[in-house]
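When reading the values below, keep in mind they use all heavy atoms of this one structure, side chains included, and skip hydrogens, waters and symmetry mates. Each residue takes its place number in the sequence, starting with 1.
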Amino acid sequence: MTPRSPARRDASTATGRLQPFAATALALVTIGIPLWLVVATAGKSRGEALIPDLTPPTHWHLLENLGEVWSEGEVPAAFFGSLLVVVPAVTGVLVFGSMASWILARRATRVNAVLYALAISGIILPPAVVTVVLLLRQLGLAGSAVGMIGVYMGIYMSTVIFFVTGFVRTIPVSLEEAAQIDGAGPVRVFFHVVLPLLRPVLATATILVCLYVWNDVFYAFFVVGGRLDTLPLNLFRVASAGLYLDNWHLIFAYVILMSLPLVVVFAVAQRKIISGITSGAVK
């Protein structure tokens, strides 16, 4: 094997040192600029925000705009509507998706292989919105929170099964066998042995599913539009009303309020991911 010349070694070393700076610069450009646009526009007065740009406001009105949106934009009612749909949908899809993933990962049969392929096919196959709405009408669930929860669970079940099944296969079967020797049934083995070990991957799935469901306006518009108010639907409705018409400072202030719960979920779930990885490394 021919040793590399000193010039090549110096070039590779310099490239390795520049990679973190290049990644940081790319993150600042792709994330920092849009984030600054939102915050800067939300902090401007109505006259300054007529044409959103990256210039900072002459005088910051961020708190005033957030307070106006909160009081006059019907944010508390829309926030409650979003929680009414998001919390049961995310909880249900994580629990039932984890149970299905456990069975699919532990019972390696041809039937389960086919079922797994069908289960994750929802990732690439778009749901038929018209068919879903007609089915909900037949079941009497159209325009209800229960119907919207069922739609979200059906749409994102494939995502959870795809993530969790591969993670379950890395868990030693001996842990489950030890619990079974102690007299634990399948339900107890899952909830007391398997489910606690799934916290890292469930944290990742929680972030993704919450992001999709919390910001969804397309499916919510067809299923519960006009009957149940959520934050995206409320923003879509009031953006055309007198309060928000051409008032970009209020629209971006609404976006900030709508994004804060997701930031909290991401911070908590990220901590769970790190703690799960470190605890696994120690064990």
Any donor-acceptor pair under 3.5 Å linking the side chain of [X] with the backbone of [Y]?
| X | Y | value |
| --- | --- | --- |
| Thr170 | Phe167 | yes |
| Glu48 | Thr58 | yes |
| Lys44 | Thr55 | yes |
| Asn112 | Arg107 | yes |

Exercise for the section: Identify the two heavy atoms, one from Phe79 and one from Leu231, that lie closest to each other, and give their separation to 0.1 Å. Expected result: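 Here Phe79 and Leu231 meet closest at N-CD2, 3.8 Å.
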Fill in the blank from the handout: All heavy atoms of Pro232 vs all of Ser82, minimum pair found to be CD-OG, 4.2 Å
Handout entry: Residue that, paired with Thr206, satisfies side chain to side chain contact (heavy atoms under 4.5 Å, CB included) out of Val93, Val201, Leu94
Key = Leu94
Problem - Member of Thr159, Val164, Thr165 meeting the side chain to side chain contact (heavy atoms under 4.5 Å, CB included) criterion with Ile161 - result: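 Exactly one option meets the side chain to side chain contact (heavy atoms under 4.5 Å, CB included) with Ile161, and it is Thr165.
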Would you say [Y] ends up clustered with [X] if hydrophobic residues are merged whenever their side chains have heavy atoms under 4.5 Å apart, either directly or through other cluster members?
| X | Y | answer |
| --- | --- | --- |
| Leu260 | Leu233 | yes |
| Val173 | Val194 | no |
| Val146 | Phe221 | yes |

Exercise for the section: Could I get the full list of side-chain contact (heavy atoms from CB on, under 4.5 Å) partners for Ala179, not counting sequence neighbours? Expected result: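 Ala179 satisfies side-chain contact (heavy atoms from CB on, under 4.5 Å) with Ala184, Val189, Val193 only.
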At what distance, to the nearest 0.5 angstrom, does [atom1] of [X] lie from [atom2] of [Y]?
| X | Y | atom1 | atom2 | value |
| --- | --- | --- | --- | --- |
| Glu64 | His249 | CD | NE2 | 10.0 Å |
| Ser98 | Phe96 | OG | CZ | 11.0 Å |
| Leu104 | Thr109 | CG | OG1 | 8.5 Å |
| Thr230 | Leu84 | OG1 | CG | 10.5 Å |
| Met99 | Phe191 | CE | CZ | 5.0 Å |
| Phe163 | Ile123 | CZ | CD1 | 7.5 Å |

Exercise for the section: Evaluate the criterion side-chain contact (heavy atoms from CB on, under 4.5 Å) for residue pair Trp214 and Leu83; output intermediate values, then yes/no. Expected result: CA-CA 9 Å; Trp214 187 265; Leu83 287 181; 4.0 Å; yes
Exercise for the section: Report the C-alpha distance between Phe252 and Val69 in whole Å, list the side-chain angles of each, state the deciding distance to 0.1 Å, and finish with yes or no for side-chain contact (heavy atoms from CB on, under 4.5 Å). Expected result: CA-CA 10 Å; Phe252 280 95; Val69 169; over 6 Å; no
Mind checking whether [X] and [Y] have side chains closer than 4.5 Å, heavy atoms only?
| X | Y | result |
| --- | --- | --- |
| Tyr152 | Val86 | no |
| Pro56 | Trp36 | yes |
| Tyr212 | Val90 | no |
| Asn65 | Ile256 | no |
| Ile251 | Thr41 | no |
| Arg106 | Ile171 | yes |
| Cys210 | Leu262 | yes |

Exercise for the section: Run the numbers on Met258 and Asn215 for side-chain contact (heavy atoms from CB on, under 4.5 Å), then give the verdict. Expected result: CA-CA 9 Å; Met258 190 174 66; Asn215 293 323; 4.2 Å; yes
Problem - Derivation and outcome, side-chain contact (heavy atoms from CB on, under 4.5 Å), residues Phe222 and Val132 - result: CA-CA 9 Å; Phe222 286 99; Val132 170; over 6 Å; no
Practice task
Could you list all the side-chain hydrogen bond (donor to acceptor under 3.5 Å, both in side chains) pairs where at least one residue sits in residues 131-141, not counting sequence neighbours?
Solution key: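 Every candidate side-chain hydrogen bond (donor to acceptor under 3.5 Å, both in side chains) pair involving residues 131-141 fails, so no pair, neighbours aside, qualifies.
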Handout entry: Enclosure of Phe162 CZ (heavy-atom neighbours >12, cutoff 6.0 Å)
Key =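 Count not over threshold, so no.
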Practice task
Mark yes or no: Arg169 above the aromatic ring of Tyr116, with NZ or CZ under 6.0 Å from the six-membered ring centre and no more than 45 degrees from the axis.
Solution key: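 The answer is yes; both the distance and angle limits are met.
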